[in-house]
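Here is the structure we will look at, set down as structure tokens.
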Amino acid sequence: MGHVEVPRAHVESVVAFDGWPEDVRLVVWVTTTGSRRAKPAAERIAESDALGMRRP
């Protein structure tokens, strides 16, 4: 099974909602997304499992 242990220095270049390119530190996104809810919704768990992401 996979994991979501992203190297701290990893940066993804994405196009923001306003159409401008933006560099995003992936580790910040993963950490923020994982901590926004105390318990993820069943649908989110299923999506993570489908991607092979390890849950604590």
Output side-chain donor-acceptor pairs under 3.5 Å for residues 17-24, partner residues at least two apart or in another chain, one line each.
residue	atom	partner	partner atom	Å
Asp18	OD1	Trp20	N	3.1
Asp23	OD1	Ser13	OG	2.7

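Nearest heavy atom pair, residue Arg8 against residue Val27, reads O-CG1, 3.7 Å.
Not a single side chain to side chain donor-acceptor pair (under 3.5 Å) links Glu47 to another residue, sequence neighbours left out.
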